[in-house]
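Structure first, then comments.
Just so you know, these numbers come straight off a predicted model, no measurement behind them. Values reported hereafter were calculated over all heavy atoms of this structure, with side chains retained and with hydrogens, waters and symmetry mates removed. Count residues from 1 along the sequence.
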Amino acid sequence: MFPREKKTLRTLIQDIPDQAGKAYVCRLRIFAQKIRAGGLMNGASIQGRDMIMSLLADPDVKVVSF
């Protein structure tokens, strides 16, 4: 749950690693959006289709944004 204080989406995303969360970015999306690895938030890792699809299918994964 998020605190009641208002935070921007960027702040909420940047807080993920601090809360023991993990952030994965799909390699195909990086290519489509022309984003460079240096443009990702700290702690985010670029993953391929197999990894992303396994997360989408895993019932134990709490949150997936696609």
Side-chain angles (χ1 to χ4, degrees):
M1 300 210 39
F2 297 116
R4 291 180 185 250
E5 64 193 57
K6 294 192 181 223
K7 290 187 172 185
T8 65
L9 180 58
R10 179 180 293 274
T11 302
L12 291 172
I13 291 172
Q14 289 174 339
D15 286 348
I16 290 172
D18 296 337
Q19 298 175 22
K22 296 178 183 172
Y24 302 115
V25 182
C26 177
R27 181 174 288 118
L28 293 173
R29 186 42 110 184
I30 292 285
F31 178 75
Q33 295 293 321
K34 299 179 179 142
I35 298 171
R36 296 186 180 166
L40 298 177
M41 65 181 234
N42 290 337
S45 64
I46 299 171
Q47 299 295 327
R49 177 187 56 158
D50 293 339
M51 170 65 158
I52 299 299
M53 294 305 290
S54 69
L55 291 173
L56 290 170
D58 187 341
D60 293 327
V61 172
K62 302 292 183 214
V63 176
V64 173
S65 176
F66 187 77

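- In this view, D58 and D60, V61 satisfy the side-chain contact (heavy atoms from CB on, under 4.5 Å) rule, not counting sequence neighbours.
- The stretch residues 48-57 participates, sequence neighbours left out, in no side-chain hydrogen bond (donor to acceptor under 3.5 Å, both in side chains) pair at all.
- Looking at residues two or more places apart in sequence or on another chain, you find a side-chain hydrogen bond (donor to acceptor under 3.5 Å, both in side chains) between S45 and Q47.
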Which atom pairs, donor and acceptor, lie under 3.5 Å between side-chain atoms of residues 24-32 and protein residues at least two apart or in another chain?
none

